[in-house]
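The next block holds one structure in the form of structure tokens; read it before the comments.
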Amino acid sequence: MEAALSTALALSPNQLFNAVNPGDKNFALKYCKDRSVVMTMAATGILGKGGGLIERPTIETTTPGRESEFDVRKSRKTSPPFRVLLHNDNFNKREYVVQVLMKVIPGMTIDNAVNIMQEAHHNGLAVVITCAQVDAEDHCMQLRGNGLLSSIEPADGGGC
């Protein structure tokens, strides 16, 4: 409720709790112990001017030069998609390739990892995932860091 206030509002304790006459505009407050009613009436301006003060809420802003998490996610979704490619090699065992794919690629199932490994083994190349360039570069570097041959290329179409 306080976030809805746009300016400071002055309130007197006498105005809030000492209304005596049923005709007084603050009469309802004497009989209502719910603080939200007080805040609602203060926010709508029913109460007049007085001595108390409700502070203006602070609004968080991002630091200049820093992107918010929302901006980063938005830019990743709007960037052109890239493919992460797995190249066949004669060094790594098939089981190891499957384990690395499942470790590096989020949401990779064992069935998908086996299929990608088999495709790379038979065709020399397989598409691991299609995603934003930043993520594709990260996945490629992680695959390489685990000893697999990997590269990225721009995708012709499709999304992440």
Side-chain angles (χ1 to χ4, degrees), residues 1-11 16 28-29 32-47 49 52-160:
M1 182 66 60
E2 288 90 357
L5 295 176
S6 60
T7 60
L9 181 64
L11 301 174
L16 288 177
L29 296 177
C32 182
K33 301 295 182 194
D34 186 7
R35 292 183 64 111
S36 64
V37 172
V38 173
M39 291 306 298
T40 303
M41 293 183 80
T44 57
I46 293 174
L47 302 174
K49 295 182 179 181
L53 185 67
I54 295 178
E55 303 264 334
R56 178 181 295 176
T58 58
I59 299 173
E60 293 182 23
T61 59
T62 57
T63 307
R66 294 183 67 190
E67 295 181 83
S68 70
E69 183 179 332
F70 175 75
D71 293 336
V72 171
R73 279 187 273 134
K74 184 179 176 185
S75 68
R76 285 186 181 179
K77 288 182 181 180
T78 58
S79 65
F82 275 71
R83 289 189 198 112
V84 178
L85 304 174
L86 176 67
H87 302 269
N88 187 36
D89 62 34
N90 295 325
F91 310 109
N92 295 303
K93 295 189 179 247
R94 295 178 188 186
E95 295 83 9
Y96 177 71
V97 173
V98 170
Q99 287 176 350
V100 170
L101 287 171
M102 290 173 49
K103 179 175 82 170
V104 168
I105 307 300
M108 178 67 67
T109 64
I110 191 165
D111 292 334
N112 287 342
V114 168
N115 289 338
I116 291 168
M117 178 273 301
Q118 290 285 12
E119 185 180 341
H121 181 71
H122 292 295
N123 301 329
L125 188 69
V127 175
V128 177
I129 191 171
T130 302
C131 56
Q133 182 178 4
V134 175
D135 294 330
E137 290 171 350
D138 184 47
H139 295 319
C140 182
M141 294 308 292
Q142 287 181 9
L143 291 171
R144 288 179 183 177
N146 284 283
L148 303 183
L149 298 176
S150 179
S151 63
I152 66 170
E153 69 179 13
D156 295 332
C160 296

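Source: prediction; values computed, not measured.
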Please tabulate, one pair per line, all N/O donor-acceptor pairs under 3.5 Å involving side-chain atoms of residues 144-151, not counting sequence neighbours.
residue, atom, partner, partner atom, Å
Arg144, NE, Ser150, O, 2.9
Arg144, NH2, Ser150, O, 2.9
Asn146, OD1, Lys103, NZ, 2.9
Asn146, ND2, Gln142, O, 2.8
Ser150, OG, Leu85, O, 3.0
Ser151, OG, His87, NE2, 2.7

Report, one line per pair, each donor and acceptor closer than 3.5 Å where one atom sits in a side chain of residues 107-114; sequence neighbours left out.
residue, atom, partner, partner atom, Å
Thr109, OG1, Asn112, N, 3.2
Thr109, OG1, Asn112, ND2, 3.4

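Among all heavy-atom pairs drawn from Thr130 and Pro81, the shortest one is CG2-CB, 3.8 Å. The two residues Phe82 and Pro154 have their closest heavy-atom pair at CD2-N, 3.6 Å.
Contact check for Arg94 versus Gln118: side-chain heavy atoms found under the 4.5 Å cut-off.
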Q: Run the numbers on Ile129 and His139 for side-chain contact (heavy atoms from CB on, under 4.5 Å), then give the verdict.
A: CA-CA 9 Å; Ile129 191 171; His139 295 319; 4.0 Å; yes
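With sequence neighbours excluded, the residues that form a side-chain hydrogen bond (donor to acceptor under 3.5 Å, both in side chains) with Asp89 are Asn92. For Glu137, the salt bridge (Lys or Arg N to Asp or Glu O under 4.0 Å) criterion is met by no residue, not counting sequence neighbours. Contacts of Ala120 classified as side chain to side chain contact (heavy atoms under 4.5 Å, CB included), with partners at least two apart in sequence or in another chain: Leu86, Ala126.
Distance check, rounded to the nearest 0.5 Å: CG of Asp135 to OG of Ser79 gives 8.0 Å. The CD atom of Gln133 sits 14.0 Å away from the CZ atom of Arg83 when rounded to the nearest 0.5 Å. Taking CE from Met102 and CD1 from Ile116, the interatomic distance works out to 11.5 Å, rounded to the nearest 0.5 Å. Distance check, rounded to the nearest 0.5 Å: CG of Asn123 to CG of Asn88 gives 9.5 Å.
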